[in-house]
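If you're wondering where the values come from, they're calculated on a predicted model, not measured in any experiment. Hydrogens, waters and symmetry mates are skipped; everything else that's a heavy atom, side chains included, is used.
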Amino acid sequence: MRLHLVRHPRVDIADGLCYGSSDVAATDDRRLCEQLLAILPRRVPLFASPLKRCAGLAEMLAPELGSTPPVYDERLAEMHFGDWEMRAWEDIRRHEVDAWAADLLHHRPGGGESVLQVARRVRAFRDDLRKLDAADVVVICHAGTIRLLCAGERGGTLEETALYAAQHPHAIAYGEVLVLECAPIGG
């Protein structure tokens with residue numbers, strides 16, 4: 001199965017804010033939709049994070065691609081950063097960021113989710129998705145989710161997957177599409 005992983009459009013907030021699971025709107029959904037129509041497969045299942053920045057794009061794309069309505073899955077949401085949400089990164093105390101860096105797997109930044117918790121829900125989504133009888137699937141989600149999906153295809157334990165994704169910075173642009181070959185169950 002080929003997963004066409006689409007990162008949501010640029011968000012309509014000030015630069016430098018930690019916005020993880022905050023439900024912020026995207027900018028320029030229509031223009032991105034037009035660009036994506038040229039490269040995404042038609043009449044395939046479409047899944048999306050329920051957050052506005054993904055859901056808005058999914059709602060526009062589904063009919064244009066001839067797909068059924070998008071399936072919104074909470075497991076695709078970005079990491080919840082607790083009380084760091086909507087705070088400027090520069091206003092988050094250094095020792096808090098250092099505590100997270102010292103324990104990437106288990107520390108819950110801002111009292112939100114740990115990377116391991118996010119990896120667990122993303123893997124459960126991927127495992128359910130692999131049960132579909134589809135050659136191609138479009139998934140509209142977030143950079144963190146995409147990193148975890150890609151890391152999961154490397155094999156290894158859940159902890160290894162989560163740590164790999166957390167330790168390798170992303171360069172996934174807003175609106176970028178990554179195509180991931182998803183191994184079949186048992187493959």
* State whether the side chain of T145 and the backbone N or O of C141 hold a donor-acceptor pair below 3.5 Å, judged by distance alone. => no

* To do: Test L180 against R2 for side-chain contact (heavy atoms from CB on, under 4.5 Å), laying out the working first.
  => CA-CA 6 Å; L180 178 65; R2 280 176 304 282; over 6 Å; no

* Hey, does the side chain of D23 reach the backbone of K52 with a donor-acceptor pair shorter than 3.5 angstrom? -> yes

* **salt_bridge(R75, D128) N-O dist < 4.0 Å** => yes

* To do: Mark yes when over 12 heavy atoms from residues, nucleotides or ligands other than E64 sit less than 6.0 Å from its CD; otherwise mark no.
  => yes

* To do: Using only heavy-atom distances, determine whether the side chains of H142 and S49 contain a donor-acceptor pair under 3.5 Å.
  => yes

* Side-chain donor-acceptor pair present, R123, T161, cut-off under 3.5 Å -> yes

* To do: Using only heavy-atom distances, determine whether the side chains of Y72 and E59 contain a donor-acceptor pair under 3.5 Å.
  => yes

* Carboxylate-amine/guanidinium proximity below 4.0 Å for R31 and E34 -> no

* **Short N-O contact, R53 and E78, less than 4.0 angstrom** => no

* Is the side chain of E85 donor-acceptor paired with the backbone N or O of S22 at a distance under 3.5 Å, no angle test? -> yes

* **Geometric class of the F81/W100 ring pair [parallel <30°, tilted 30-60°, perpendicular >60°]** => perpendicular

